[in-house]
Amino acid sequence: MKNKSLIISLALLTTFSFYSYIKPSQADMKMESDKPTMIENMGDTSANSLDWNGVYQGIIPCASCEGIKTTLTLNEDLSYVLSTQYLGKSEEVFEVKGTFKWNKEGNTITLDGVKDAPNQFFVGENTLIQLDVSGNRISGDLAEKYMLNKVNNPEVSIGNIRWELVEIMGKPVTKSETQKQAIFITFDTEKNRVNGFSGCNNFMGGFETKEGNRITLTQMASTMMACENMEMEMTFLQTLQQVDNYAMKDNVLSLNRAKMSPLLKFTAVDKEVSGVN
């Protein structure tokens, strides 16, 4: 009888000890469930595993124009800047700023402030895929056109700045004693006109920029004055005609051809360019 009572007592003690052990864990679990569920708790998603912040560019199909040149900048603080231009229809660039939010799966963002237009993008590795107004993937032959690609060196504006020549084909250039001013070039981005001074004569023409910092100079012309030692001017104008892309960094503009070394290098002399990167 004594042995039986001892067994029962030990069983009750074991049960009580086990209950006391698991109780705190249950309480902890309840406390955890009261916390907001973050995207990070769902495993790897576009939101928490991709380097999604940056600048994305592309040309979206357009029914009434040649295409919609689109640039979307996503910032870490969940703010965005969306710029669009209707190619072949208008030179005007429309800009919308606001904030965006992730869906619960962490793979799609919605831009607040965009009305009467698609405002959702699926976020992939270095890409954004524009969804339709209902948030669905666009299908058909043009499906792949609804994609913006992340760019390491986003397009920058070269307009409305006086750029003075400092180098031709890797060789430094300085103003000669007979020149009335330094060789320079300016780009009027509103009228798509280029103007400048080539050492003796003034020159002018048109220009067109395209995706990827590409540039084409068109209908170039110059005045017909004669000066002493015009070799520099001739070299400059001939080299200028070969340019097909540009780059800008630290107030220096490089006009290039393909991936060759810069053909021409200029430095900004206007006060307004102090913030150029």
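- Separation of atoms NZ (Lys69) and NZ (Lys210) is listed at 11.0 Å; rounding is to 0.5 Å.
- Looking at Val81 and Glu95, their side chains come closer than 4.5 Å, going by heavy atoms from C-beta outward.
- Counting heavy atoms from C-beta on, the side chains of Val114 and Leu82 come closer than 4.5 Å.
- The closest side-chain donor-acceptor pair between Asn201 and Ser198, if any, does not fall under 3.5 angstrom.
- Residue pairs meeting the ring pair (Phe, Tyr, Trp, His ring centres under 6.0 Å) criterion with at least one partner in residues 166-199, sequence neighbours excluded, are Phe187-Phe207.
- Under a cut-off of 6.0 angstrom, the local environment of CD in Glu190 is sparse, with at most 12 non-hydrogen atoms contributed by other residues, nucleotides or ligands.
- Side-chain contact check for Trp52 versus Ser46: every heavy-atom pair is 4.5 Å or farther apart.
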Hey, mind stepping through Gln85 and Glu91 against side-chain contact (heavy atoms from CB on, under 4.5 Å) and telling me if it holds?
CA-CA 7 Å; Gln85 179 185 4; Glu91 297 295 331; 3.6 Å; yes

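- Counting heavy atoms of neighbouring residues, nucleotides and ligands inside a 6.0 Å radius, atom CZ of Phe122 exceeds 12 of them.
- Judged by distance alone, the side chains of Asn107 and Glu105 never bring a donor and an acceptor atom under 3.5 Å apart.
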Take Asn229 and Thr178, measure what side-chain contact (heavy atoms from CB on, under 4.5 Å) needs, and give me the verdict at the end.
CA-CA 9 Å; Asn229 190 13; Thr178 58; 5.7 Å; no

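- Taking the side chain as every heavy atom from C-beta outward, Thr71 and Val55 approach each other to under 4.5 Å.
- With rounding to the nearest 0.5 angstrom, the CD atom of Gln179 is 9.0 Å from the SG atom of Cys227.
- Residue Pro262 comes nearest to Lys265 through the heavy atom pair CG-CE, 3.9 Å, listed as atom of the first residue, atom of the second, then distance.
- Not one N or O on the side chain of Thr223 forms a donor-acceptor pair closer than 3.5 Å with the backbone of Met225.
- Counting heavy atoms from C-beta outward, Trp102 and Leu78 have side chains that approach closer than 4.5 Å.
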Passes side-chain contact (heavy atoms from CB on, under 4.5 Å), Leu148 versus Ile60? Steps please.
CA-CA 8 Å; Leu148 305 180; Ile60 302 298; 4.0 Å; yes

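- Judged by distance alone, the side chain of Asn103 and the main-chain N or O of Thr108 form a donor-acceptor pair under 3.5 Å.
- Met232 and Phe266 end up in the same hydrophobic cluster when Ile, Leu, Val, Met, Phe, Trp and Tyr side chains are linked at under 4.5 Å.
- Between the Asn75 side chain and the Asp77 main chain, no donor and acceptor come within less than 3.5 Å of each other.
- Between the side chain of Asn251 and the backbone N or O of Ala268, no donor-acceptor pair lies under 3.5 Å.
- Connection of Tyr246 to Val166 is not established within any shared hydrophobic cluster, with ILVMFWY side chains joined at heavy-atom distances below 4.5 Å, either directly or through further cluster members.
- Between Ala182 and Lys175 the shortest heavy-atom distance is N-CD, 3.8 Å.
- Under the 4.5 Å side-chain contact rule for hydrophobic residues, Val96 and Val93 do not share a cluster.
- Within the model, atoms CD1 of Ile109 and CZ of Phe100 stand 5.5 Å from one another, a figure rounded to the nearest 0.5 Å.
- For CE of Met220, the number of neighbouring non-hydrogen atoms (other residues, nucleotides, ligands) closer than 6.0 Å is greater than 12.
- Counting heavy atoms from C-beta outward, Ile185 and Leu165 have side chains that stay 4.5 Å or more apart.
- Going from atom CD1 of Ile215 over to atom CG of Leu255 covers 6.5 Å, rounded to the nearest 0.5 Å.
- Side-chain polar atoms of Asn245 and Asn256 form a donor-acceptor pair below 3.5 angstrom.
- The main-chain N or O of Asp112 is found under 3.5 Å from a side-chain atom of Tyr80 such that the two form a donor-acceptor pair.
- The minimum heavy-atom distance linking Ser64 with Lys89 is given by the pair OG-NZ, 3.5 Å.
- At least one donor-acceptor pair closer than 3.5 Å links the side chain of Glu233 to the backbone N or O of Cys200.
- Distance check, rounded to the nearest 0.5 Å: CG of Asn195 to CZ of Arg162 gives 11.5 Å.
- In this structure, the side chain of Thr239 engages the main chain of Thr235 through a donor-acceptor pair within 3.5 Å.
- Thr70 places a side-chain N or O within donor-acceptor distance of the main-chain N or O of Ile68, the cut-off being under 3.5 Å.
- Residues Ile158 and Met248 approach most closely at CG2-SD, 4.3 Å, considering heavy atoms.
- For the pair Leu253/Ile161, no side-chain contact is recorded, criterion being any heavy-atom separation below 4.5 Å from C-beta on.
- The number of heavy atoms from other shown groups lying within 6.0 Å of CE (Met234) does not exceed 12.
- A continuous path of Ile, Leu, Val, Met, Phe, Trp and Tyr side chains, each step under 4.5 Å between heavy atoms, connects Leu131 with Met147, placing both in one hydrophobic cluster.
- Side chain of Arg257 to backbone of Gln242: a donor-acceptor contact under 3.5 angstrom is found.
- Counting non-hydrogen atoms of other residues, nucleotides and ligands closer than 6.0 Å to NZ of Lys97 gives a total of 12 or fewer.
- With rounding to the nearest 0.5 Å, the separation of CD1 in Ile59 from SG in Cys62 is 11.0 Å.
- At a threshold of 4.5 Å between non-hydrogen side-chain atoms, the residues Asn149 and Thr127 count as touching.
- Around the CD atom of Gln181, the shell of radius 6.0 Å holds more than 12 heavy atoms that belong to other residues, nucleotides or ligands.
- Under the 4.5 Å side-chain contact rule for hydrophobic residues, Leu72 and Val133 do not share a cluster.
- When all heavy atoms of Arg193 and Gly206 are compared, the closest pair comes out as NH1-N, 3.7 Å.
- Scanning both residues, Lys145 and Pro61, for their nearest heavy atoms gives CB-CG, 3.4 Å.
- Using modelled atom types, one side-chain atom of Lys150 and one backbone atom of Asn53 make a donor-acceptor pair closer than 3.5 Å.
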